[in-house]
There are 2 protein chains.
Amino acid sequence: MSNTLQRKAGRPNKSVLSRELILAAALDVLERTGPEDFTMAALAADLGVKTPALYHHVGGKKEVLAGMREVISDRIDTSAFGTRPWPEAVSRWARSYRAAFAAHPYAIALLATLPVAGAHRTLTMYEAVAAGFRDGGWPEQLVVNNIVALENFILGSALDAVAPADMLEPGDFADKVPVFNAALRARGRTNSCAPAADQAFELGLEAIVAGMDARRSVHPRA
Amino acid sequence: MSNTLQRKAGRPNKSVLSRELILAAALDVLERTGPEDFTMAALAADLGVKTPALYHHVGGKKEVLAGMREVISDRIDTSAFGTRPWPEAVSRWARSYRAAFAAHPYAIALLATLPVAGAHRTLTMYEAVAAGFRDGGWPEQLVVNNIVALENFILGSALDAVAPADMLEPGDFADKVPVFNAALRARGRTNSCAPAADQAFELGLEAIVAGMDARRSVHPRA
DNA sequence: ACCTGAACACCGTTCAAGT
DNA sequence: ACCTGAACACCGTTCAAGT
């Protein structure tokens with residue numbers, strides 16, 4: 001993309017690349033190529049540059065992936081924690097979290113398993129959420145465990161949101177799994193017209209938040 | 001490993017490889033090498049064979065990964081569904097599910113994002129779980145959505161179980177996230193001596209199962 | 001049928017050479 | 001400082017040649 005005039009060797013008058021530019025392009029390219037073909041070469045080509053040029057701005061492919069995750073993390077909305085009661089605030093945060101990753105379907109598969117050490121923007125998100133829990137009356141020792149448990153559900157759901165819709169289809173194995181197959185057919189007959197993955201997410205979110213909320217009142221403010 | 005005598009070209013008297021042998025070795029090799037260095041070459045070397053030999057028994061690396069997942073899936077215990085009340089049965093299944101993957105830490109990262117189309121042993125597990133839900137009194141349309149929601153939580157938790165323990169550590173960024181940092185310190189002061197990931201899993205499991213159970217009684221047997 | 005050996009088109013990364 | 005071009009050690013996969 002961008003300017004595709006062939007460039008000669010040697011330093012250009014005005015720098016063509018930057019870390020920010022590379023990360024933005026990376027999110028674009030990934031969704032166009034899929035995780036399989038997301039290569040440093042494809043990223044460079046999109047930026048109108050040869051592959052080794054990237055290494056002047058990022059340490060390698062791992063750093064590109066970590067940076068992409070930071071960009072996505074930055075878009076998670078934690079604003080409800082100041083203004084809404086805990087159950088609603090945490091639900092809004094969870095939806096925003098899942099949506100931020102669902103906006104980059106292929107990113108989830110690539111980033112979910114990546115260590116986040118020293119990710120400042122991600123830590124900033126945790127700070128807002130932790131404050132929301134504290135203000136919601138949670139005892140301090142339970143805050144992190146609850147956040148992690150919710151995050152496990154959210155990330156698992158984000159992975160599920162990307163999975164092919166027919167992933168659970170038994171095919172010609174259907175007669176071997178009659179109960180499951182019948183339940184799969186019945187799922188299509190719900191009132192909701194939302195995608196199946198969204199239904200499962202909302203149902204699970206409601207359950208886990210309600211379950212946590214019930215437990216919260218057992219451990220009062222202090 | 002195994003017999004490392006150099007073999008000549010040409011068909012051996014007795015076949016050295018089989019699909020089962022390859023998959024068993026794959027799980028071993030993966031945990032020894034890590035996901036980064038888990039290559040077809042490393043797998044072949046472990047089996048005392050040259051890389052191309054593998055292609056007589058499996059279609060490629062993707063098929064090896066899918067096969068590994070099937071082997072792991074097969075170890076998930078669904079037996080509690082016949083004998084225990086729903087909340088306990090589903091909790092036992094969830095723990096066994098997470099444990100099966102936690103036994104192969106590196107496998108989770110590699111397999112979590114893999115499509116499961118046509119995975120017979122995985123479908124057999126779903127059949128047992130679906131029957132457990134039906135017998136537990138769940139309306140048919142909710143069965144699959146509930147299973148998927150639980151699975152999202154379980155897989156997310158399995159990913160978390162593999163993450164480095166210091167993953168959330170703010171380091172020298174600690175003073176920028178005081179509330180979160182304090183909560184992280186308080187987490188260490190719980191009664192439980194279980195690993196942090198286990199605590200979060202158990203807490204979330206209790207919440208989600210309790211939340212679902214409360215909802216189940218709203219939709220009575222039919 | 002089932003193994004080896006050689007080959008192919010890639011990959012991420014390094015680095016000297018140019019401006 | 002920041003780009004290109006050439007090179008390196010790999011990767012997964014294919015296939016002819018051997019038994």
Side-chain angles (χ1 to χ4, degrees), chain A residues 1-23 25-26 29-30 32-68 106 109-111 113-114, chain B residues 1-23 25-26 29-30 32-68 106 109-111 113-114:
Chain A
M1 292 298 165
S2 58
N3 50 348
T4 333
L5 340 98
Q6 182 64 350
R7 214 182 338 270
K8 297 262 177 108
R11 182 189 189 188
N13 303 338
K14 176 79 181 69
S15 180
V16 222
L17 293 178
S18 75
R19 192 188 148 83
E20 291 305 309
L21 226 50
I22 289 173
L23 295 183
V29 174
L30 173 58
R32 218 166 40 237
T33 64
E36 209 87 337
D37 297 319
F38 179 66
T39 64
M40 293 298 268
L43 177 53
D46 183 79
L47 288 158
V49 118
K50 301 297 177 186
T51 314
L54 300 173
Y55 289 79
H56 289 279
H57 302 271
V58 293
K61 191 173 186 180
K62 275 182 182 172
E63 196 181 308
V64 172
L65 294 172
M68 291 165 74
Y106 291 126
L110 234 52
L111 308 181
T113 65
L114 225 64
Chain B
M1 293 301 163
S2 58
N3 49 348
T4 332
L5 340 98
Q6 182 65 347
R7 213 182 341 268
K8 297 259 176 114
R11 180 188 189 187
N13 304 337
K14 176 80 180 68
S15 180
V16 222
L17 292 179
S18 76
R19 191 187 150 82
E20 290 305 310
L21 226 51
I22 290 174
L23 296 183
V29 174
L30 173 59
R32 216 164 43 237
T33 66
E36 209 88 336
D37 297 319
F38 179 66
T39 63
M40 293 298 268
L43 176 53
D46 183 79
L47 288 158
V49 115
K50 301 298 177 185
T51 314
L54 300 173
Y55 289 81
H56 290 279
H57 303 270
V58 293
K61 190 173 184 179
K62 275 181 184 175
E63 196 181 308
V64 171
L65 293 172
M68 291 165 74
Y106 290 128
L110 235 52
L111 308 180
T113 65
L114 224 64

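Every chain is numbered from 1, with letters handed out A, B, ... down the list of sequences.
Between M40(A) and G60(A), the closest heavy-atom pair is CE-C, 4.0 Å. Between L47(B) and L21(B), the shortest heavy-atom contact is CD2-O, 4.1 Å.
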Contact list (N/O, under 3.5 angstrom) for nucleotides 6-8 of chain D vs protein:
none

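The interatomic distance linking K61(B) (NZ) with dC11(C) (C1') rounds to 12 Å, in whole Å. Nucleotide dC2(C) holds its P atom 6 Å from the CZ atom of R11(B), rounded to whole Å. Atoms NE2 (H56(B)) and C1' (dA16(D)) sit 11 Å apart, rounded to a whole Å. Between the C1' atom of dT14(D) and the CG atom of L54(B) lies a distance of 14 Å, rounded to the nearest Å. Atom CZ of R19(B) and atom C1' of dC2(C) are 17 Å apart (whole Å). One interatomic measurement links the two molecules: CD of E36(B) to P of dC11(D), which rounds to 12 Å at whole-angstrom precision. Atom-to-atom, CD1 of I22(B) to C1' of dC3(C) comes out at 12 Å; the value is rounded to the nearest Å. As rounded to whole Å, 12 Å separates atom C1' of dC11(D) from atom CG of D37(B).
With sequence neighbours excluded, no residue satisfies salt bridge (charged side-chain N to carboxylate O under 4.0 Å, His left out) with K50(A). Applying the salt bridge (charged side-chain N to carboxylate O under 4.0 Å, His left out) rule to R19(A) yields the partners E63(A); only residues at least two apart in sequence or on another chain are considered. The salt bridge (charged side-chain N to carboxylate O under 4.0 Å, His left out) search around E20(A) returns none, not counting sequence neighbours. S15(B) pairs by the side-chain contact (heavy atoms from CB on, under 4.5 Å) definition with H57(B), not counting sequence neighbours.
More than 12 non-hydrogen atoms from other residues, nucleotides or ligands lie less than 6.0 angstrom from CZ of F38(A).
Nearer to the 5' terminus of DNA chain C, by closest-nucleotide assignment, is the contact made by P12(B) (compared with the other of P12(B) and A41(A)). With the nearest nucleotide of DNA chain D identified for both K8(A) and G59(B), K8(A) has the one nearer the 5' end. Where K14(A) and A42(B) meet DNA chain D, the nucleotide closest to each residue was compared, and K14(A) sits on the side nearer the 5' end.
The A9(A) side chain lies nearest to dT4(D) when the options are dG12(C), dC11(D), dT4(D). For Y55(B), the listed nucleotide lying nearest its side chain is dT13(D); candidates were dT4(D), dC3(C), dT13(D). Comparing dC2(D), dT13(C), dC3(C) by their closest approach to the side chain of M40(A) singles out dT13(C).
Using a 4.0 Å cut-off, no side-chain N or O of T51(B) falls inside it from OP1 or OP2 of dT13(D). Here H57(A) reaches the OP1 or OP2 of dC3(D): one of its side-chain N or O atoms lies under 4.0 Å away. Considering only side-chain N and O atoms, R7(A) lies under 4.0 angstrom from the phosphate OP1 or OP2 of dT4(D). Proximity of K50(B) to the phosphate of dC3(C): no side-chain N or O atom is located under 4.0 Å from OP1 or OP2.
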Can you give the dot-bracket line for DNA chain D, using ( ) for pairs inside the strand, [ ] for pairs that cross earlier ones, | for pairs with another strand and . for unpaired bases, where Watson-Crick and G-U count if both distances are under 3.5 Å? ||.|||||...|||||.||

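Taking CG of D46(A) as the start and CG of L30(A) as the end, the distance is 11.5 Å to the nearest 0.5 Å.
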